[in-house]
Structures are given as C-alpha cells and as structure tokens.
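Reminder, nothing fancy here: chain letters follow the sequence lines and each chain counts from 1. What you see is a predicted model, and the numbers here were worked out from it, not measured in a lab.
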Amino acid sequence: MAKMSLEDLRKMKDEKKKILDRREVGENDIVIRIGMATCGIAAGAKKTMEALFDEIEKQGLNETTIKQSGCMGYCDKGEPTVEVKVPGMPDTIYGAVNEDFARRIIKEHCVQRKLVDGGHIFDRPSRDILKE
Amino acid sequence: MKNFILVCAGTACESSKADDIYKNFLAEIEKHGLKDDAQVIKTGCFGFCEKGPIVKILPDEAFYVEVKPSDAKEMVEEHIIKGRFVKRLLYAGDEVGDKENFEASDIQFYKKQYRIALRNCGFIDAENIEEYIARDGYEALAKCIFEMTPDQVIEELKVSGLRGRGGAGFPTWMKWNFAKNAEADQKYILCNADEGDPGAYMDRSILEGDPNSVLEAMAIAGYAVGASKGIIYIRAEYPLAIHRLGIAINQSYERGLIGQNIFGSKFNFDIEVRLGAGAFVCGEETALIKSIEGNRGMPTPKPPFPAIEGLWGKPTIINNVETFANVPAIILKGGKWHTTIGTKGSPGTKVFALTGKINNSGLVEVPMGTTLRDVVFDIGGGIRDNKKFLAVQTGGPSGGVITEKDLDTPIDFDSLVAMGSMMGSGGMIVMNEDDCIIDVAKFYMDFCVEESCGKCSPCRIGTKKLYQYLDKISKGSAVEEDIKKMEDISNAMKLASLCELGKTAANPVLSTLNHFKDEYLKHIVDKKCRSGKCKDLVSFVVNDKCIGCTACKRKCPVDCISGEKKELHVIDQTKCIKCGECVAACKFKAIDKI
Ligand SMILES: Cc1cc2nc3c(=O)[nH]c(=O)nc-3n(C[C@H](O)[C@H](O)[C@H](O)COP(=O)(O)O)c2cc1C
C-alpha cells in the first residue's frame, strides 16, 4: 500500500466520513455494529454475531454490513451491545443481545422497521465531541 | 412507523411507575388508532435517574423527565398527534432554561458523561484504521508535524492542563518538557498499559476499542520531545488488546502514518509492543523500564527520573494509555477547549470502571469535578437491590474509601487526596451494607503482600505485618493496642518504602481506620462483624419461631443441626461452618445471624 501524504489523508477522511455519517445511503443500506471487546465476547458476542449473520441471510438483507467495535461501557446490563442503523429509523443501541434477540433485531427492526421491545434499548452514553 | 415512544424501564424508573406509564401510552395509542404511527417501547436505563421516570420520543429527540402515568394522554395528544412538545415536562437543560419559548433546536442531549478518551470506543471498527481516519484520526499528528513546532505542541499541552491519568496526576507537559530539553542521541516514548489495579479495565477498553488514538499520541509525543522510538508495555493477559494493537500498528505502517518519513516529512517514529507478565509492580515506571530491559521488574530510586535517564539510560517519557488517548483531541480542539471541561486544578475528564454493588456497572467517562453521587446514583443507577450505600473505594490498593459524607464533593486529583483516597487509575468499587470494611482492607492488603516485589523491607515486611493484624481482627483475636501498632507500621511504610507501591500500600488501612473506627472496635472489642463477612465472628442460632419443619436440617452440609420434627432445632456451634444455607432454607425467619 502506498504511503499517505497529507492530501491523501484528507481525501480518505472526507470519503470515509461520508460513509460513517451515512450521507447518501440507499433504502436498504443497513449497518450493524457489535461490541467485540473482552467484555462483549465474555458475554457471548460471538454467538450473537453468528445469529445476526444467519438471520440476515435468511431474510435476504444483502446490503447489510456487520462491523465489530469496542466497548461502549454498558458492561453489566448491556453486553453484548449492538448498534443498528437502518435508513428512516433512529439509530438504535440494543443491550444484552443474545441469539434470540439478535434474530428479532433483524426481523423486527431491519425488516418490519419497528423498534424491538423488551427494555433492551440504550441511549448513547454521551455527546460526540467531534461533532461539537 | 413515524414516532417511537421510549419509556425508561431502568431499575430506578421502574420502581417509580414506569410500567404504568408504559401501559397508559399503549392505551392512548390504541384509543386514538395510532398503531401504525407510533410505537411504545421499554428501554434500558437512561442514566438520569434523579429526574426519572424518563420518556424519550424519537425521532424528535424530545427528552421528557419526571413523567407521571397520567401524563401519557397529553403527551400523545400533543406530541404525537399535533406534533407539539409538551413543554412542562421537557428537559431543557441547565443552560436553556426558558421552556416557554422552547424550539426543537434547543433540545439538549442530556448526559452526565463526556467522552474524550473514549470518543471512539464502541462507535468505530477498532480493526480498521480508515474508520479512525474518518473520525479525524492522524489529523492531530499532521497538524503537529506541519503547523506546530515541538515547543508549540508542549505549550498546547501546558495550556490544556492535562495531568497523567495513570494515578499520580503529574502534569503531562512538564514531563515532555524535561525529556525535550535533555540532550541525547536517542529518546524513548513508553506507553504504560500494565493496568494492574483490581477491578480496573479502562486502558484495556481503550486499546480494544480505539488503539490508533494511542499510536497517534505516541507519535505526537515523539515529535514533541525528539524521540523516534515508542514502546507499548502491555500485560500478556490482554490478548485481544494486543491483537488489535498489532493490527493498528500494521495498518498505520502500511499507510506511512507511523515509520519513516511520516506524511513524507522528515519525522520518523517506530512503535513496537512488549508484553509484561502481569505483575502489579511492573506498572510502576522504573520497574516497567527494568522489565523492558530484560531485568526483574523492580523499582529503582528516583531521581534520576525517567524523563532524564530512563530506558537504556536515555531520556524517556512514560505515559498512561488514557493520558495518550486524550492528546489528539487536545491538539485538534486546542488546550483552551480542554480547560473548559473539568475543574481548575484537574481539567478534562476521567474514565472510571464502575463496579461492585451498583445497578449499572460499566465504563464511564465524566468531567473532573463530577460528584460521586452523580456517578453512583445517576450514571450508576444506585445501589443494587435497594440496599444501603456504605462506601466507594477509589485508587485501588493505593487508595481509600469515600463515605456518605463526601458523596457531594466534586472529585478530581486533589479533592480525592484531601478525602484520604486518590484517583489511582480509575477503578471505582461500590460497597453496600453487606460489605465488611475490615474484609475490604484485608483484600487489598492480601493483594499488596502478593505483589510487593520484596526489594525494600518496609514494603515487604510491612504489608505482611498489616495483613496479619487485619487477619487477627477478622478472627476476633486482636486487641485495641493493635490499632496503634498498625498505624505505626503504616507510617513507617509511607516514609521508608522505595516506591509508591510500598508508600501507599497502607492507605486502605489508614483510610478505613479513619472513616470506620467504630467497625474496627466492634470487631476487636465486641468480637462482632456487622455484615457477617468475618465468619469467625458470627454465629447462627435458632429462635423460637422455629416450628421444627426440618428444612434447615436437611440442607446443612455438615449435619450440625439437631432436633426432631415439630420440635425446636439446635445448631451445634462447634461444627457450624457458617455457610448460611440454613438461613436460606428457613421459611419462618427462625434462624438469626448474630
Ligand atoms: C505499584 C504501581 C503500579 C502502577 N501501575 C500503573 C499502571 O498499571 N498503569 C499506569 O499507567 N501507571 C501505573 N503506575 C504509575 C506509573 O508509575 C506512572 O506514574 C504513570 O505510568 C505515568 O503516566 P501518566 O503521567 O500518564 O499518568 C503505577 C505506579 C505504581 C507505584
């Protein structure tokens, strides 16, 4: 890979920011992030991820991307933590997502476009300092 | 679906009628035939329990506080049907105030937390450097290289007031300045990721969630002091953090963000990872340096300080993971911005690992100056099972306890020391009435006995002696004069130990003695342990509520309960192991723990 100049860095930043901030997304462009830090994995995040993959395939949601992230801090009640970004829906953080709940997220949130009930929704822990 | 009504079902809100609120919303939605327009759901804790119950309506981000079940009708009719905020219930924030003229743009994202070090944790792919770049990653390094002199970088840190997050709170700029001014052909930047405090995992989470922020900051430090080599010292017990660091280092090398001629400039900076075997003392900076050099991890006297004479005898900066994670944000947003957060003496934020008998344990980052009450009762959701708060331990084995009376003191480096504890690396263990303070002190002393490297006698012998006294107290064989002896030993350790491990190891004892003298005396004089944790001091006895059902007798693992059916049972105190199984088995409250 070529080494980056300052211009390359800025160009990459602009491009990737567009994706990260989800400007210009299509109707079915879904992004799911799962917390895969030590705490998440200890709470079963790997199984949760498998269930997500499996259900996505079953539902034929071909434009869905799954990403791994670190710990959001909801160690006790919140792990495994899953963040779901579906066009037209508020970005949502679900906590304590086991395999069953993971399937419900795909079926209810991603397909039926409804939030999944049951006390699993968490708020973002803080404002984003980079957006201030 | 157009609207989402989120009803907080966290423990605190639940107990104040969240369930009725939820049901009323469902009924209102049904009544108005809005089932396709609005969905009602229960959520986890919003962390603003003092103003609960809380209802949030999306996508408007309307944050309603102190909602009563009867408010559901108005909220549906106004907000959902007419699209107007119910102003009297809206949280308007401390700054916004005027609810009458409330506009959508005034909506405050209510949060007690403020995340600088954790700005990316949980929100980017930690194994993909491009997502870090999308979040302004490596922009701060570029700014330093192309727009700032090393002196200006250090000046920015000076303005920011950033103090080391590894425990002692030493001003970061000062350390960097010493190393910058030291003449040498090679200098080193070390990142301390040893994190040995029991209950602490802040640094691990940063490295697992945002490893690039630490790499970028180390390169900035290298630029500022004129070092071309960085080493991250991390315990081998952190395999995932090590794995992600490795990925981040590879990806940053590939793109020329680390290595030779960064961004095509003349600045070179290499980073490698060294694994430690997981000894607490190796987190101490001089011991850490010895460990990297291949020697036994034992501290050396200071001075010389590492900034002047560190790794391989060269000027060396050693900073904590969290300290580094703050640096890129400070460079980008300016030192002045950093001083607007936190307190005058301790600007910025601190990450805490909140654990123990608390409802929402987890990782939190709050501005310095936040009170312990806010952390424990708001963000933490209060004490588990509605039990009574006893104390919070901060600073790990070097710290102490903070009690009820100091709950409203704003916490920062200096106020914690004034309370007889310390910031430490950020472990915060919450205790309730079921905990025994002697048991807690004993736990930490046991840890220090294990972890003392043995090089100096005040620490090696002092920790052992203190442990023996605590053990005696917990077994009921101590005498009152022992307290004086413990104080003498503690003071000798403070004065004469070689490193901070020994100098501070007595803190948990001194602090608990200071705040809970009565508990010590209860153990020593009355031979009683309030919580029953000190098993030698409790006994289980059957009272006259016993109907002779034999449930306890059948449960007892050592067969020490006798008595016929329908007759009063008796526990043989000489055989009882105090496991408490009988209390759990008894349906008639007929067994007292005394
Ligand atoms: C026994 C002992 C253990 C320590 N463990 C750590 C540790 O795990 N991580 C850390 O950053 N600092 C630890 N320190 C503090 C370091 O000696 C040093 O002050 C710190 O790494 C400096 O970084 P900072 O200025 O960024 O806080 C420890 C100190 C002592 C005495």
Side-chain angles (χ1 to χ4, degrees), chain A residues 1-6 8-10 12-21 33 35-41 67-79 81 83 88-90 92-96 112-130 132, chain B residues 1 4 6 9 39-47 56 58-59 109 111 113-116 118-128 130-131 133-139 142 146 201 204-206 208-210 238 240-241 254-257 261 263-264 329 333 359-365:
Chain A
M1 183 165 301
K3 303 218 159 170
M4 294 174 98
S5 66
L6 189 56
D8 297 334
L9 180 84
R10 301 252 155 97
M12 175 178 283
K13 177 167 101 177
D14 290 342
E15 270 168 28
K16 297 292 164 185
K17 220 176 203 141
K18 228 184 254 168
I19 300 172
L20 206 63
D21 295 347
R33 277 179 198 281
M36 280 285 208
T38 298
C39 40
I41 293 170
K67 299 189 172 194
Q68 298 184 27
S69 58
C71 160
M72 222 179 269
Y74 297 128
C75 315
D76 181 18
K77 305 231 165 80
E79 295 289 356
T81 311
E83 190 191 14
M89 299 272 291
T92 309
I93 297 166
Y94 290 104
Q112 298 167 18
R113 310 261 158 140
K114 277 164 63 178
L115 297 183
V116 190
D117 206 354
H120 289 257
I121 295 178
F122 280 72
D123 211 3
R124 242 188 113 98
S126 69
R127 289 182 283 196
D128 182 357
I129 58 160
L130 297 184
E132 280 171 15
Chain B
M1 205 58 69
F4 302 93
L6 275 51
Q39 186 191 0
V40 190
I41 31 257
K42 285 188 189 177
T43 72
C45 181
F46 279 119
K56 193 170 172 177
L58 296 175
F109 189 63
K111 280 294 153 257
Q113 288 199 54
Y114 192 82
R115 294 192 163 196
I116 303 175
L118 298 179
R119 61 193 175 279
N120 293 324
C121 272
F123 294 97
I124 62 167
D125 182 344
E127 299 186 4
N128 182 349
E130 294 180 359
E131 292 208 349
I133 291 172
R135 300 269 302 156
D136 299 341
Y138 290 96
E139 189 68 40
F146 294 110
Y201 56 97
R204 187 191 74 201
S205 298
I206 292 173
E208 287 178 355
D210 192 18
Y238 281 180
L240 187 60
E254 278 171 7
R255 286 163 183 76
L257 301 169
N261 304 109
F263 296 122
K333 295 172 93 67
N359 275 317
N360 309 328
S361 59
L363 210 61
V364 306
E365 181 172 350

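- Contacts of B:E127 with chain A are made by side-chain atoms alone, with heavy-atom separations under 4.5 Å and no backbone atom involved.
- Contact of the B:F123 side chain with the A:R124 side chain is registered, since non-hydrogen atoms from C-beta on lie closer than 4.5 Å.
- Here the closest heavy-atom approach between residue A:M36 and residue B:L240 is recorded as O-CD2, 3.4 Å.
- A 4.5 Å side-chain heavy-atom check between A:L9 and B:L257 finds at least one atom pair inside the cut-off.
- Side-chain N or O atoms of A:K77 include none that pairs as donor or acceptor with a backbone N or O of B:G362 at under 3.5 Å.
- Checked by atom type and distance alone, the side chain of A:D117 pairs as donor or acceptor with a backbone atom of B:K42 at under 3.5 Å.
- In terms of heavy-atom pairs under 4.5 angstrom with chain A, the leader among B:R135, B:E254, B:K333 is B:R135.
- Using a 4.0 Å cut-off between charged side-chain N and carboxylate O, B:D136 and A:K17 make a salt bridge.
- A:S126 places no side-chain N or O within 3.5 Å of a backbone atom of B:Y114 that could act as its donor or acceptor partner.
- A pairwise comparison of heavy atoms in A:I129 and B:I116 identifies CD1-CA, 4.0 Å as the closest pair.
- Smallest separation of non-hydrogen atoms from A:M72 and B:G122: CE-O, 3.6 Å.
- Counting only distance, with no hydrogens or angles, the side chain of B:E208 and the backbone of A:T38 share a donor-acceptor pair below 3.5 Å.
- Taking B:A126, B:G256, B:G209, B:A134 one by one and counting their heavy-atom pairs under 4.5 Å with chain A, the maximum is reached by B:A134.
- A:K3 places no side-chain N or O within 3.5 Å of a backbone atom of B:N261 that could act as its donor or acceptor partner.
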